[in-house]
Every structure is written in C-alpha cells, then in structure tokens.
Amino acid sequence: MSDLALTEAERTRILAKSALFDPPTAAMPDGRRDLVGLSREELAAELAAVGEPAFRAKQVWHWIYHQGVTDFARMSSIARPLQQKLAERFVVGRPDAVTVQTSADETRKFLFRFRDGQEAETVYIPDPVEDRGAVCISSQVGCTLSCRFCHTGTQTLVRNLGSAEIVGQFMAARDTYGEWPSPKGETPRLLSTIVLMGMGEPLYNYANVAKAMKIVMDNEGIALSRRRITLSTSGVVPMMDRAGQELGVNLAVSLHAVRDELRDELVPLNRKYPIKEVMAACRRYPTASNARRITFEYVMLKGVNDSEAEARELVRLIAGLPAKVNLIPFNPWPGSAYTPSSMSTVMKFAKIVNDAGFAAPVRQPRGRDILAACGQLRTESRRERARAAE
Ligand code: SAH
Ligand code: SF4
C-alpha cells in the first residue's frame with residue numbers, strides 16, 4: 001500500500017475504534033430529544049419529523065446558539081402553540097454543574113455531570129490583560145494515553161463526550177457569566193476563545209469534536225472564528241491532517257521531549273507516531289502561518305527535559321516552522337513522579353528559544369487553589385461520593 005492509503009486505513013481504524021466509546025443517545029428518560037449538539041441538517045430533520053418547515057430550524061438554531069435560550073417559551077418569534085408542541089418533544093439541554101469554583105485569580109473551574117452520571121472538567125481562564133478569556137474544554141472522560149505527568153492519564157478512558165456535551169460545556173460556562181447576546185444584539189466578550197486542552201485526546205474523539213466545533217463556528221449561532229479555537233493533541237498524526245483540512249482551527253502539539261527515547265516514556269503515543277512524523281505533520285498543517293503559529297507545548301519537568309541542550313535541540317526541531325513554544329510549569333498532583341523545574345531553569349530555557357526567534361511564553365500557573373491540574377477535580381468528586389457511600 002502507498003503511504004497515503006496507509007494513512008487513510010489508519011484514520012478509518014481510529015474513527016471506528018473511537019465510535020465504540022460514544023455516549024448514550026440524545027433521548028431523555030421521558031423520551032424527549034435534546035436539540036443541542038445536532039448539526040443544522042439533523043435539527044431540520046427533527047423538526048421536519050414533527051411537521052415543521054425548514055425555516056423553523058433556522059429560527060430555533062438562532063434561539064439556541066445565538067441567544068442561548070433553553071426554554072421554548074422564551075422563543076418569542078415562535079407562536080405559543082408551537083412552543084408548547086416543541087417543549088413536549090424536545091429539550092435544549094445543559095450539563096449539570098456539580099461544582100463551580102472561582103479562584104483568587106478569577107480562573108473558574110467547573111465540574112459538569114452528564115445524563116449518565118459521567119463527569120468532566122471545564123475551566124475558564126481569563127486573559128490577565130484584556131477583558132476576555134479562554135474556555136478550556138474536555139473531549140473525553142478520562143484518556144487512553146497515559147502520559148506519565150498527566151493526572152487525566154491515570155484515569156482509564158470511560159467514554160468519549162458527545163457533540164452535545166462538548167458544546168454544552170461552553171454554553172453552560174457562558175450561562176454562568178450571563179454572556180449571551182441581549183435582544184439588542186450585544187456580543188459576548190469574556191468567553192471568546194476555546195482551547196481543547198481539557199481531559200482527553202480530542203483527535204481520538206474526532207467525529208464528536210469536529211461536529212461540536214462546526215456548531216460553535218456556525219455564523220448564525222455562537223459564531224466563533226476558527227482563529228479563536230485551538231486544538232491540542234499529543235500527536236495523533238493521521239488525524240492532524242484531517243483536522244487541518246476540515247476544521248482549520250489552530251493547532252497545539254504536546255511535544256514535551258526532543259528525543260524519541262524520552263518522549264516514548266513521557267508521551268507513550270510517541271512509540272506509534274515518533275517525533276519525526278509529528279513534526280512532518282506540523283509542516284503539512286494547512287493553516288499554519290506567521291499570524292497563526294503552531295503552538296508546541298512543553299511541560300517543564302525538573303532534571304528530566306529542562307536542560308539547555310534540550311532547548312537548543314527544540315529550536316533545531318522547529319526551525320523554519322511558524323511556531324511558538326508554550327512552556328508549562330508542571331502542575332504536581334498527589335502521587336506524581338515529577339517535580340516542577342525551578343523558575344530560573346525555565347527562564348534559561350525560554351531565553352534560548354526566544355533568542356532563536358520563537359516566542360516562548362511561560363504559562364502562568366492558574367487556579368492552583370482550586371486543584372487546576374487537569375483531571376483532579378473529577379477524581380476528588382468520585383472520592384467524595386465513594387466516602388459518602390461507605
Ligand atoms: N490530550 C491533549 C489535550 C489535553 S492535555 C494533549 O495531550 O495535548 C492539555 C495539555 O496539558 C497538554 O499539553 C498536557 O501535556 C498538559 N498537561 C497535562 N498534565 C499536566 C500537568 N500535570 N502539569 C502541566 N501540564 C500538564
Ligand atoms: Fe491524555 Fe493529553 Fe493527558 Fe496525555 S496529556 S494522558 S494525551 S489528556
């Protein structure tokens with residue numbers, strides 16, 4: 001087989017395997033269906049099935065995704081008898097917020113529970129300078145990939161999140177800020193960016209992630225530009241190409257090591273898709289440009305990956321790419337095998353990358369006081385329930 005055919009076969013295998021972990025159906029216990037998370041075509045089909053013309057789907061879409069309305073009775077462009085008919089058959093759902101904690105630095109962390117009781121984390125991270133911020137969204141409950149420094153990696157995968165659950169995290173976070181356009185048409189500001197950097201590997205749940213991102217990018221709804229969405233992957237090479245072509249969102253790659261031997265240990269997926277292949281996929285990534293650089297995430301682990309020689313090797317690896325390097329202070333969790341690099345080591349590393357012409361911001365540790373190491377909130381919630389059940 002040619003390389004291309006192999007990639008296609010690998011993609012088909014990943015998508016088929018991923019579908020095995022899909023969430024339960026959209027039906028509520030009372031038989032009503034959730035309209036959130038459906039594509040425009042699917043929404044039109046649901047409404048057509050109850051005798052409604054195509055323009056109705058456009059109206060309902062606007063109410064759900066532009067106005068953020070969850071109650072059919074507030075859809076004022078729809079006649080009252082029809083509002084009632086819709087409410088008998090459908091819901092506009094949201095995940096339940098089990099906890100909402102706001103840190104001293106204004107970071108807000110949510111633990112959301114879905115209809116089958118599974119939980120995932122979402123974090124709103126305000127921009128320290130401008131009056132806006134990013135919502136960090138989960139794509140799976142747990143993760144299959146077991147990166148050594150990642151707390152989510154200690155939780156074996158339970159399941160993929162569905163498109164409704166992925167979009168729902170963003171919508172429910174917006175609800176808590178009252179950030180939906182008023183009827184006068186003001187545009188929300190704070191929650192204006194999405195980073196797919198929460199629990200899970202988004203490219204191992206590609207179908208649901210892609211469907212959700214198409215919904216948030218739709219111009220008649222939430223209308224986020226693809227420039228305001230960043231997908232972070234540990235390097236699922238065949239799906240990186242697909243995401244670039246179909247979604248065109250910004251790409252972030254969790255590199256964390258510059259030699260295969262070490263990356264095999266830190267990011268075990270490297271044994272399947274080694275550094276060379278990951279870098280080649282980055283070089284092919286269609287939307288990369290100086291205005292939309294690829295982010296390389298690099299978690300700084302004391303004495304493991306933080307030497308000056310490694311900083312120089314990193315620069316060689318990304319040479320010629322429109323790239324920036326995000327240096328992440330390691331966020332320790334109980335039982336983790338690593339310690340964070342000292343700030344002076346991080347600054348030396350950053351200087352080498354910077355001097356080579358690449359921006360190398362050091363990510364500020366945010367929300368330390370509310371267990372911000374990804375995956376920790378879910379574990380705490382499970383522990384508390386286990387204690388309560390004893
Ligand atoms: N699975 C995807 C996206 C989720 S992880 C990925 O791996 O890219 C998002 C980012 O958080 C990754 O760069 C990951 O390496 C980083 N991360 C995970 N655990 C961390 C920890 N304990 N401290 C600092 N960064 C961590
Ligand atoms: Fe999964 Fe990303 Fe954590 Fe690795 S770093 S275990 S890919 S969530």
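First listed ligand is number 1; within each ligand, the first listed atom is number 1. Everything quoted here is computed from the prediction, not taken from an experiment.
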A.B. asks: Charged N to carboxylate O under 4.0 angstrom, Glu88 versus Arg32?
C.D. replies: no
A.B. asks: Can you tell me how far apart CZ (Arg108) and OH (Tyr124) are? Round to the nearest 0.5 Å.
C.D. replies: 9.0 Å
A.B. asks: Under a heavy-atom criterion of less than 4.0 Å, does Gly198 contact ligand 1?
C.D. replies: yes
A.B. asks: Is Met75 reachable from Met171 through a run of hydrophobic residues whose side-chain heavy atoms are each under 4.5 Å from the next?
C.D. replies: yes
A.B. asks: Can you list the steps and then say if Trp63 with Ser77 is a side-chain hydrogen bond (donor to acceptor under 3.5 Å, both in side chains)?
C.D. replies: CA-CA 9 Å; Trp63 283 112; Ser77 59; 2.9 Å; yes
A.B. asks: With backbone taken as N, CA, C and O and side chain as the heavy atoms from C-beta onward, which portion of Val299 lies under 4.0 Å from ligand 1: side chain, backbone, both, or neither?
C.D. replies: side chain
A.B. asks: If you measure from the Lys or Arg side-chain nitrogens to the Asp or Glu carboxylate oxygens, is any gap between Lys272 and Glu277 under 4.0 Å?
C.D. replies: no
A.B. asks: I need the atoms of ligand 1 closer than 4.0 Å to a non-hydrogen atom of His256, numbered in the order shown.
C.D. replies: 13 (O), 14 (C), 15 (O)
A.B. asks: Which atoms of the protein, restricted to N, O or S, are nearer than 2.8 Å to atom 1 (Fe) of ligand 2?
C.D. replies: Cys143 SG
A.B. asks: Can you run down the side-chain hydrogen bond (donor to acceptor under 3.5 Å, both in side chains) pairs that involve residues 315-328, sequence neighbours left out, and say none if there aren't any?
C.D. replies: Glu313-Arg316
A.B. asks: Taking the six-membered ring for Trp, is the centroid-to-centroid distance between Phe21 and Tyr204 below 6.0 Å?
C.D. replies: no
A.B. asks: Kindly confirm or rule out an N or O of Gly200 lying under 3.5 angstrom from an N or O of ligand 1.
C.D. replies: yes
A.B. asks: Take Arg132 and Ser192 through the test side-chain hydrogen bond (donor to acceptor under 3.5 Å, both in side chains) and record every step on the way to the result.
C.D. replies: CA-CA 7 Å; Arg132 62 172 195 221; Ser192 52; 4.8 Å; no
A.B. asks: Please list, in number order, the atoms of ligand 1 under 4.0 Å from a heavy atom of Thr233.
C.D. replies: 6 (C), 8 (O)
A.B. asks: Under 4.0 Å from ligand 1, counting heavy atoms only, is it the side chain of Leu145, its backbone, both or neither?
C.D. replies: neither
A.B. asks: Looking at the rings of Phe349 and Tyr298, which for Trp means the six-membered one, are their centres under 6.0 Å apart?
C.D. replies: yes
A.B. asks: Heavy-atom contacts under 4.0 Å between Met199 and ligand 1: side chain, backbone, both, or neither?
C.D. replies: neither
A.B. asks: So if I count the atoms of ligand 1 from 1 in the order they appear, which ones are less than 4.0 Å from some heavy atom of Trp333?
C.D. replies: 22 (N)
A.B. asks: Which atoms from ligand 1 have a heavy atom of Cys150 less than 4.0 Å away?
C.D. replies: 18 (C), 19 (N)
A.B. asks: For ligand 1, indicate whether the residue Glu297 contacts it via side chain, backbone, both or neither (heavy-atom separation under 4.0 Å).
C.D. replies: side chain
A.B. asks: What about Phe149: any of its N or O atoms under 3.5 Å from an N or O on ligand 1?
C.D. replies: yes
A.B. asks: Could you tell me if the ring centre of Phe149 sits under 6.0 Å from that of His256?
C.D. replies: yes
